[in-house]
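Below you'll find the structure, written out as structure tokens, and then a few comments.
Whatever order the structure lists ligands and atoms in, that order sets their numbers, starting from 1.
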Amino acid sequence: MNAITAHNPSQDAARAEQIALLTQIEQRLRWLSSWTVHNANNLREKRDGLKVGGHQASCASITAVMTALYFHALRPQDKVAVKPHAGPVLHAIHYLLDEQTREKLQAFRGLGGVQSYPSRTKDTIPVDFSTGSVGLGVAVTAFSSLVQDYLIAQGRLAEADAGRMIALMGDAELDEGNIYECLIEGYKHDLRNCWWIVDYNRQSLDATTADRMFRRFDDIFETCGWRVVTLKHGRLQREAFLRPGGAALEDWIENCPNADFAVLTYLGGAAWRERLTRDLGGVAGIAELLADHDDAELARLMTNLGGHCIETLLDAFDGVTDDQPTLFIAYTVKGYGLPLAGHKDNHSGMMNTAQIEGLRAELGIQPGEEWDKWAGLGDNLAASLDALVKASPIARKAAEHRAPAVPVPERLPVPEGAVQSTQAAFGRVLFDLAKSDEPLADRLVTTAPDVTQTTNLGAFVNQRGLFRRQELADVFQNARIPSAQKWTATTAGQHIELGIAENNFFLLLASLGLAAPHFGTRLLPVGTVYDPFIARGLDALNYGCYQDARFLLVGTPSGITLAGEGGAHQSINTPLIGMGQPGLDSFEPAFADEVALLMGWAFRHMQTDDGSSVYLRLTTRQIEQQERTGKEWEAGALAGAYWLREPASGAKAAIAYSGAVAPEAIAAWEQLADDLPGLGLLAVTSPDRLHRDWSAARAARWQGGARQPGHVEALLGQLAPDAGLVTVLDGSPAALSWLGGVKGHRVSPLGTDRFGQTGDLVDLHRTYRLGTDAIIDAMAELFLG
Ligand SMILES: Cc1ncc(C[n+]2csc(CCOP(=O)(O)OP(=O)(O)O)c2C)c(N)n1
Ligand SMILES: [Mg+2]
């Protein structure tokens, strides 16, 4: 820790003045965050009988840390992820900066008001990273730092503009596994410019945290290349430790179990006195030390931990001037300065009316002045505080970037070949782009969790190279050992290789997908993962979508079409994940020309204001391609479905299929067409978009707009009202069975709803009823049964 330069009196005075003002600001943040929660829960009219909620103790725990950070250490180019339950503190900071309104604070957790947890997309103050699911908001900062380094290495961001990616985290977040996955990946990629500041109050939601972990975090982080700065004691404590008996007191605090410390904090000065007298009464100097402090002062001394001492925090932040990733462990008290301090149930605990009134009076705030920024402080002090706030570097933070769109070619060339798989077609489209001089090609960044080659990214990587900040030779290539894969890494490479950890994969996609608003350069991230292992990173995927990050996710291979790989690798429910996930438009194409069309569309859709991320569910099954005569199918394929074989008007039946089972659907159509004249064959490229469009069309009527039939209604409207539908896909049948509800058609849905097993495709199609025979049987049953 940097000592303050002691020999310049005017500097000392300025520092003392700054600390005094920041201490006032810290109190204001504690007040405003408490009052915001109190107002929403106790004063605002309630219409539903539900608890509103909020976390006064979690806020009070971190107000000093946030004061020192936001009004001193933070630079305009830095980005911060704030622990979810400190949302009201972040909003209070922007209230002091005149960037947040009283109305929004008063509407905390109400529609249009301040969100419960900081939200990039819904809050109106600058929020760099959304948070809510603990752990993810922490780890994402490391990946954003990696993205920043990628942009610097590629000459798209000046080194001088590099910011720190900072996470303000709760100590319970250290229990989340994704933190450690990220630490390992960060070490491999030479992570820098990252600060994680732990609000180490040793309380989680349920309990006080395990004493045994004390010091272990230092070991873990230091092993991974981090500097660990522990802020255990505030200035008052450090001074007391210098007194006679002080060493014993320090020792006592060091060894005090977390739970005991919390209990004594809650009980207050008299309890501290009683306990310290019991434990240390015989130690020389302790009686005098206790006598020198009344109960309130003693309580203040004993809770004067590093994370509540502005001076200690400023010194710690100022002390780190290099780019080594740094973990600050700031010891704190949950509920500091509130009557909730230390109570084990304080996570969702709230001050009652008498308690908040007590706090108001203690801070000199008059009734009715609760929302006034500097109430009770006097004009001079208020002016000084206002000046400090407005002069802080954070007040100069620029608005988020609006990066121009990267042009996408009108058409991406369709890979040639009479027999192809969608996965190979995907790899080929990327490879063709990699060889081109399209501006789009330079903005592609690919990534995969150790499945680069088996998901057909290899050709792209051979062409565009692996990315590393520190260049890395391909040892195999240098030794002239033949391999299809070049594995040389350079700063110019465009593939970021990850270890097998799907949380990291999705967090990197999220960070890459936020490059435009964060750093002013659009990147078009493309990530591949085995389709079943999407589930492994599902919360991180949701987290990326929630923040409106834009990426192309490719889940491949998928379904029981993986045959020999067996049930452990066969994805079943991913079509439903694709349908259910907001912010992610999902597709399951069958043919190479559909893949090329959808990829071109995806690169455009990822860049439009009302666009989203895109998910392609692909397969390694090679199938015969379609001879196309026109382009009419394309609009339908983008909207989610088109007739591969147009039904006769008023036809009595149709088969609807998605993806890899196209050959079985086509064969069944051919066998049934004679018996069922006019039989239709519907290629469903996106159950997701089809369903969303159907919902939107119905909602339009209820919202007063004109009732235009949705795309699926127009398609199925060509059939007779009493027509029968057989739907089939290599995945949950529920992804298509809803088609029967659109026009009231009878439906027989085929698909997989049991775990798969090994077998060849013939056996598996028979066993899981996905084959041509199953489709014909299902159709027969609709008409005969
Ligand atoms: C993934 C996830 N699991 C559970 C929760 C519910 N939850 C919210 S806060 C919390 C404990 C927070 O403790 P800590 O991180 O120490 O925060 P603080 O003590 O500062 O409030 C839990 C379990 C959550 N938000 N996210
Ligand atoms: Mg905690």
Side-chain angles (χ1 to χ4, degrees), residues 29-30 33-34 37 51 53-66 69 80-90 109 115-119 129-141 167-182 196-211 213-214 217 231-232 257-259 261-262 265-266 303 305-308 327-338 340-350 502-503 506-507 510 535-544 546-547:
L29 295 179
R30 188 159 14 116
S33 54
S34 290
V37 174
K51 173 188 122 176
H55 303 84
Q56 291 169 333
S58 299
C59 288
S61 185
I62 202 169
T63 44
V65 169
M66 288 179 75
L69 185 70
V80 192
V82 178
K83 71 169 188 174
H85 304 81
V89 181
L90 180 66
R109 295 191 170 213
Q115 298 296 299
S116 322
Y117 309 119
S119 165
F129 301 96
S130 301
T131 50
S133 179
V134 302
L136 298 178
V138 180
V140 78
T141 57
L168 292 169
M169 59 193 285
D171 54 327
E173 297 194 73
L174 288 166
D175 286 332
E176 285 286 2
N178 81 279
I179 297 283
Y180 303 96
E181 294 180 358
C182 154
W196 289 356
I197 306 170
V198 187
D199 175 357
Y200 200 57
N201 59 31
R202 293 147 291 144
Q203 285 190 266
S204 60
L205 192 158
D206 280 339
T208 45
T209 52
D211 297 305
M213 281 314 292
F214 171 61
F217 294 122
L231 313 180
K232 197 155 191 184
N258 290 343
F261 194 89
T265 299
Y266 180 71
T303 56
L305 303 179
H308 297 303
L327 179 77
F328 295 93
I329 302 181
Y331 274 70
T332 54
V333 166
K334 192 157 176 169
Y336 181 78
L338 309 182
L340 311 170
H343 195 287
K344 100 182 156 48
D345 303 333
N346 64 10
H347 185 74
S348 313
M350 256 174 239
E502 286 71 17
N503 270 303
F506 284 113
L507 290 176
R536 182 69 166 259
L538 204 48
D539 196 27
L541 167 63
N542 179 59
Y543 177 68
Y546 181 69
Q547 303 201 67

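- Pairing each heavy atom of Ala259 with each of Thr208, the nearest pair is CB-OG1, 3.6 Å.
- Shown here for Ala64 and His308, the closest heavy-atom pair between the two residues is CB-CA, 3.8 Å.
- Taking CE of Met66 as the reference point, atom OG of Ser33 lies at 9.0 Å (rounded to 0.5 Å).
- Note on Asn201: counted as a metal contact of the Mg ion (ligand 2), an N/O/S atom lying under 2.8 Å.
- For Arg30, the salt bridge (charged side-chain N to carboxylate O under 4.0 Å, His left out) partners are Glu26, not counting sequence neighbours.
- Backbone or side-chain N, O or S atoms of Ser58 do not reach the Mg ion (ligand 2) at under 2.8 Å.
- Using a 30° and 60° split on the angle between ring planes, Phe217 and Tyr200 fall in the perpendicular class, above 60°.
- Asp171 has its closest N, O or S atom to the Mg ion (ligand 2) at the position named OD1.
- Tyr266 meets the ring pair (Phe, Tyr, Trp, His ring centres under 6.0 Å) test with His343; sequence neighbours excluded.
- Protein residues with any heavy atom under 4.0 Å from ligand 1: Ser58, Lys83, His85, Gly132, Ser133, Val134, Gly170, Asp171, Ala172, Glu173, Glu176, Asp199, Asn201, Gln203, Ser204, Leu205, Lys334, His347.
- Take Lys334 and apply the salt bridge (charged side-chain N to carboxylate O under 4.0 Å, His left out) test, not counting sequence neighbours, and it matches no residue.
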